[in-house]
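Notes to accompany the following structure.
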Amino acid sequence: MALSKKIYEVLTNNLKPRHLEVINESYMHNVPRGSETHFKVVIVSDQFEGKSLLQRHRAVNSFFSDDFKNGLHAFSIVAKTPSQWDAHPAIQKSPPCMGGSKL
């Protein structure tokens, strides 16, 4: 199963999102064509109510510890409550890769 599909299914089954986008941004990085290493996850869930942003990010990351050990490199996470999403549904474009050591 493609990693992008797995991410989508795992988050859908566990966080019951109202809105979910899993965007493969690997092409923006210095990785082989067709890689699945860098993803932007946009997720809106009732389960985020009362949770800090850090707690939301940890919740998303918690399901993928094995994947991070086996090739998944990075998530860019936008995790909102439904009211936050309703007020501001726009998502910022990801910045270009800086190449790690070029910072």
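One is the number of the first residue; the rest follow in order along the sequence.
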S94 side, atom OG; H29 side, atom NE2 - distance, nearest 0.5 Å: 7.5 Å
Where E49 and S83 come nearest, the two heavy atoms and their spacing: OE2-OG, 4.4 Å
Set of residues satisfying ring pair (Phe, Tyr, Trp, His ring centres under 6.0 Å) with respect to F68, sequence neighbours excluded: F75
Nearest-0.5 Å distance, CD1 of residue I23 to OG of residue S76: 8.5 Å
Salt bridge (charged side-chain N to carboxylate O under 4.0 Å, His left out) pairs, two or more places apart, involving residues 51-68: K6-D67
E21/K40 under side-chain contact (heavy atoms from CB on, under 4.5 Å): CA gap, chis, key distance, verdict: CA-CA 8 Å; E21 296 175 56; K40 176 179 274 190; over 6 Å; no
Stepwise side-chain contact (heavy atoms from CB on, under 4.5 Å) check, I43 with V60: CA-CA 9 Å; I43 183 167; V60 170; 4.1 Å; yes
Verdict with supporting geometry, V22 and K5, side-chain contact (heavy atoms from CB on, under 4.5 Å): CA-CA 8 Å; V22 178; K5 184 175 181 180; over 6 Å; no
Heavy-atom closest contact (L72 atom, T37 atom, distance): CD1-O, 3.5 Å
side-chain contact (heavy atoms from CB on, under 4.5 Å) partners for S52, two or more places apart: L54, Q55
For H19, ring pair (Phe, Tyr, Trp, His ring centres under 6.0 Å) partners two or more places apart: W85
Between E9 and T12, a side-chain donor and acceptor under 3.5 Å: no
Same apolar cluster: V44 and I91, side chain cutoff 4.5 Å: yes
Connected via hydrophobic side-chain network under 4.5 Å: V10 and I77: yes
I7 CD1 to F39 CZ distance, which is reported to the nearest 0.5 Å: 4.0 Å
Salt bridge (charged side-chain N to carboxylate O under 4.0 Å, His left out) contacts in which one or both residues fall within residues 68-90, not counting sequence neighbours: none
Value rounded to 0.5 Å, distance of NZ in K16 from CG in L11: 11.0 Å
For S45 against P82, the heavy-atom pair lying closest together: O-CD, 3.5 Å
Qualifying residues under side-chain hydrogen bond (donor to acceptor under 3.5 Å, both in side chains), relative to D46, sequence neighbours excluded: R18
From CA spacing to verdict: side-chain contact (heavy atoms from CB on, under 4.5 Å), V42, L20: CA-CA 6 Å; V42 179; L20 177 60; over 6 Å; no
Residues, nucleotides or ligands: over 12 heavy atoms within 6.0 Å of Q92 CD: no
Spacing of E25 atom CD and H38 atom NE2 [to the nearest 0.5 Å]: 9.5 Å
NE2-OG distance between H73 and S26, expressed to the nearest 0.5 angstrom: 10.0 Å
